[in-house]
Amino acid sequence: MNDRYKSILALRAIRTFDDRAIDDADLDAVLDAARWTGSSKNTQNWAFIVVDDPRQKDRLCGAGDFMDPVRNAPAVICLVQEPDGYEFDTGRLAQNIMLAADALGLSSCPVTLHREEIAAEVLGLPDGTRCRYGIAIGYPTTTSGAAKMGGRRPLVELVHRNRYGR
Ligand SMILES: Cc1cc2nc3c(=O)[nH]c(=O)nc-3n(C[C@H](O)[C@H](O)[C@H](O)COP(=O)(O)O)c2cc1C
């Protein structure tokens with residue numbers, strides 16, 4: 001297996017981080033990887049809000065139920081879906097951000113903003129836009145690691161040929 005393939009399989013959600021701020025060059029590179037994500041008809045109906053102000057981060061934590069990754073991270077990149085955008089494209093964005101972060105020595109964790117109205121208020125979103133997901137991001141510490149509940153279902157349970165069922 002080559003290294004690129006291995007790094008895809010090895011990508012884990014990391015929920016604890018070093019306190020240090022993300023270098024501007026690293027953050028720009030991650031955001032550029034987000035920018036280059038493919039979208040339906042290349043519409044790119046999205047925006048990214050980097051929240052690194054501790055007070056703003058704190059307020060945003062009121063929008064989700066499992067926000068420890070954000071509390072622990074120096075920043076969270078909020079993925080804004082603009083009018084006519086698709087949630088599928090947001091998912092692609094998230095994965096590009098996480099893979100780019102990993103390639104640059106950063107760690108990350110997706111978070112769900114279950115109460116979108118709170119997220120919209122905190123982020124100052126205009127009507128017609130929404131933000132349901134963010135990516136907590138930062139440098140790992142020596143003790144940062146994946147949650148114990150890891151692993152994946154085997155392919156034999158997941159893959160079907162031509163029609164559902166076997
Ligand atoms: C759409 C989505 C939303 C998630 N929301 C949260 C969240 O709110 N808080 C959290 O700690 N992890 C969240 N995660 C991370 C998942 O729990 C994690 O990807 C899953 O447990 C697999 O972990 P692993 O990739 O480290 O094996 C989310 C993941 C996805 C894909």
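As the structure lists them, so they are numbered: ligands from 1, and atoms in each ligand from 1.
Using a 4.0 Å heavy-atom cutoff, R152 is listed among the residues neighbouring ligand 1. The shell of residues lying under 4.0 angstrom from ligand 1, judged by heavy atoms, excludes G64.
We find that R55 and D58 are not joined by a salt bridge, their nearest charged nitrogen and carboxylate oxygen being 4.0 Å or further apart. In summary, E121 and R115 do not engage in a salt bridge, as defined by a charged side-chain N under 4.0 Å from a carboxylate O. Looking at D89 and R92, no side-chain N of the basic residue comes within less than 4.0 Å of a carboxylate O on the acidic one, giving no salt bridge.
Of all protein heavy atoms, the one closest to atom 9 (N) of ligand 1 is F66 O, 2.9 Å. Taking atom 3 (C) of ligand 1 as the reference point, the nearest protein heavy-atom neighbour is T112 OG1, 3.2 Å. Closest to atom 24 (P) of ligand 1, if we only count protein heavy atoms, is R12 NE, 3.3 Å. Counting only heavy atoms of the protein, atom 28 (C) of ligand 1 lies nearest to P110 O, 3.6 Å.
No donor-acceptor pair under 3.5 Å is formed between the side chain of D52 and the backbone N or O of P74.
Within 6.0 Å of the CG atom in D127, the count of heavy atoms belonging to other residues, nucleotides or ligands does not exceed 12.
Taking a cut-off of under 4.0 Å to the non-hydrogen atoms of Y133, the atoms of ligand 1 that pass are 1 (C).
Contact annotation: for A13 versus ligand 1, heavy atoms closer than 4.0 Å belong to both the backbone and the side chain. Proximity of C109 to ligand 1, defined as any heavy-atom pair under 4.0 Å, is confined to the side chain (atoms from C-beta onward). At a heavy-atom cutoff of 4.0 Å, ligand 1 is contacted by the side chain of R15 but not by its backbone.
The hydrophobic clustering, which links ILVMFWY residues whose side-chain heavy atoms are closer than 4.5 Å, places I8 and L104 together. Grouping the Ile, Leu, Val, Met, Phe, Trp and Tyr side chains by contacts below 4.5 angstrom, directly or via other members, places I22 with M98.
Under the 4.0 Å distance rule, the nearest protein heavy atom to atom 15 (C) of ligand 1 falls inside the cut-off.
The aromatic rings of W46 and F48 are tilted relative to each other, their planes meeting at an angle between 30° and 60°.
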